[in-house]
Number of protein chains: 2
Amino acid sequence: MATLKDIAKEAGVSIMTVSNVINGKHSKVSSQTITLIQELVKKYNYVPNLSARSLSQKSSKLIAVFINTYEAGQNHFKDPYISELFGELEALIRQSGYYAIIRSVETAENVSTILQNWNVDGAIFISQQTEDAMNIILKNSKCPIVFIDSYNKTNPKAITVGVDDYKGGYIATKYLIANGHQRIAFSGCYSENNAIVSQRYQGYRNALRESGILYNEQNLIQTFTRYEDGIHIGRDLANHRYDVTAVFAAADLLALGIIEGAKLNGCIVPNDLSVIGFDNLDLCSFVTPKLTTVSQDVKKKADSAVELLLDAMNQVEIPSQNITLDVQLEVRQSVQKIL
Amino acid sequence: MATLKDIAKEAGVSIMTVSNVINGKHSKVSSQTITLIQELVKKYNYVPNLSARSLSQKSSKLIAVFINTYEAGQNHFKDPYISELFGELEALIRQSGYYAIIRSVETAENVSTILQNWNVDGAIFISQQTEDAMNIILKNSKCPIVFIDSYNKTNPKAITVGVDDYKGGYIATKYLIANGHQRIAFSGCYSENNAIVSQRYQGYRNALRESGILYNEQNLIQTFTRYEDGIHIGRDLANHRYDVTAVFAAADLLALGIIEGAKLNGCIVPNDLSVIGFDNLDLCSFVTPKLTTVSQDVKKKADSAVELLLDAMNQVEIPSQNITLDVQLEVRQSVQKIL
DNA sequence: TTGTACGCGTTATCAC
DNA sequence: GTGATAACGCGTACAA
């Protein structure tokens, strides 16, 4: 509750002297008063009021982290990938001397309001945005914003961090093909608005084409990517609703659901069906069979995002505003060679 | 960027009139000026500066969510339980008209600094605190604080939300006993500072005693509760380092690790060993065998915490400051009857 | 080396 | 109904 004024009065100096001491501008103050004031600061447990500071400065030291609100009635933080990413971001924001405001939003309009409300210095989106949404957000916002897992080829203001989704789809499919599979399904939340999945799908398609395998439209399985959705698909697969020997699932949870659903109807992975996922969640190694999947480096993603954001906030020249991190195949037990 | 002043100038009225319109004090303003100002607000996209508001009001509309920093080098949000809880809290805070600041902290001192820095209205701790830490925090803080999963029997200021850990340990052990098990291990992060685990342990001990089973000190397995820790213990169990037929693990991840570790050394759950966990994470149903566990209602926990906090902030009379939610046994496949 | 005046955007108070 | 003034806590710019 103590303010600069209180300390100044007690010390018999002006407010500015106290302020200078606190902000480390020691060159402007005699060492005597410095120690005096430092004692008083401790004694009264002085803590600067950052709202006041934010008001009189350009900067608020606040970084906003945005996430989409519930999807399919689901708490977004139940997605282990999102949670881990968020945890890393929080740590990095704190270590950089900033404060993290977390907010789930429904529409692009809400974003700029929050940003202005708190005079936020920078923002990070941790769930995918459409290009349209990004453009609206960027147009209405003054501070730098980093978008994780979003694609935007047209807007030069867009700062993005993502992984090589195309390559992920490509190497996963290639691996299945190398193991003798020819009839391979793609399952995921495929739509025009979902650039991530579209990219993975493109990788899948190109891998097929390169190997001279004819693409069968029936093998695109449209679905949400929760575990429960996978169960349904797994059952369908076991019931031969699709004519395939392998499935590439665009998310680990979906893949795990598929494995379980197939099993429920007597189809055993990898013996009767091969499955590959995407993300490399910890729990891929907890299940049976352990899931072969495309792995990405979540920590590096968070590092890149915060680094890019801080650079933009400090107007540092950046080589590129769009970072694409590499992915690689994590071979485990859910794929089997066939003849 | 528009401020009250800008709007006032454009409308040819005073700042206060604009302020009154924005804050819905319509009784003090003529309907003409109301509509005029509302138009201008839209035109200039006016958004109130909450730092300024916080400065001139008692309240900041900010709620801080605290979590302990890394433990055992682990991002805390990799714990699915913590993540889900956090996601629910974020939603509730937002829906209540507040803004969430998230912060990981190492020591109790950091807490009051943040609280003062931002003039925070209320705070929630989502990871367990020792009674000492809680007392320090409460002593140094002015705003209401809710502690989730912490025990504090002595400090009347402490507002807490938890589950009936004792009962959890009790019913889990009783269930094992009912299935014919007599030699039962307890594994978890047992220590004097960890009240949660101590309670679960007490439940375990009492269940044994009630059934006339002699407690064997060797069967208390001290460990961290990560999956990897479970692996070690599972191996030990398979190698008959402990003379038991069943294990109660104080956390699901630990239980899953134990199952896997045992399997690696040829000991199959539930055939050769029965295991019960605690938390009922989603992934309990993803693994094989599906984990029998003690379940708690995370959503209800979040609801209770926010409700309690808001009541305290609004100085509403509360029947009890300490809520203990019920737990129940979720029977699945990891326990087998023995003779 | 230290102090003064002012402004940041908002609200409460009180007078008109 | 409406408006002037002070106050919230801090930092910048400048003066002493």
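Please read these numbers as outputs of a predicted model, since none were measured by experiment. What's counted below: heavy atoms across the whole structure, side chains too, no hydrogens, waters or symmetry copies. The sequence lines fix the lettering, A, B, ..., with proteins before strands; numbering per chain opens at 1.
Per the geometry, CG belonging to Leu36(B) stands 16 Å off P belonging to dG1(D), to the nearest Å.
Around the CD atom of Gln95(A), the shell of radius 6.0 Å holds more than 12 heavy atoms that belong to other residues, nucleotides or ligands.
Note that the OH atom of Tyr99(B) and the CD1 atom of Ile101(A) stand 8.5 Å from one another [nearest 0.5 Å].
Rotation axes derived from the C1' atoms of the five outermost pairs at either end of the helix from dT1(C)-dA16(D) to dC16(C)-dG1(D) lie 40° apart, to the nearest 10°.
Bracketed by its first and final contacts, the part of DNA chain C lying under 4.0 Å from non-hydrogen atoms of chain B reaches from dC8(C) to dA12(C) in 5' to 3' order.
Under the 4.0 Å criterion applied to side-chain N and carboxylate O atoms, Lys43(B) and Glu39(B) are not assigned as salt-bridge partners.
The stretch residues 112-119 of chain A does not touch DNA chain C, since none of its heavy atoms comes less than 4.0 Å from the strand.
Applying the 4.0 Å criterion to OP1 and OP2 of dT2(D), one finds that Ser14(B) has every side-chain N and O outside that range.
Across all strands, Ser54(B) comes closer than 4.0 Å to no nucleic acid atom at all (heavy-atom distances).
Contact of the Asp6(A) side chain with the Tyr44(A) side chain is not registered, since no non-hydrogen atoms from C-beta on lie closer than 4.5 Å.
Sequence neighbours left out, the pairs with a member in residues 140-150 of chain B that pass side chain to side chain donor-acceptor pair (under 3.5 Å) are Tyr81(B)-Asp149(B), Asp149(B)-Lys301(B).
Aromatic ring centroids of Phe86(A) and Phe86(B) lie under 6.0 Å apart.
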Base versus backbone protein contacts along nucleotides 6-16 of chain D [heavy-atom cut-off under 4.0 Å; B, S, -]: --BBBBBB---
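Applying the side chain to side chain donor-acceptor pair (under 3.5 Å) criterion to Glu131(A), with sequence neighbours excluded, gives Thr154(A).
Ring pair Phe125(A)/Phe147(A) is parallel by interplanar angle, where below 30° counts as parallel and above 60° as perpendicular.
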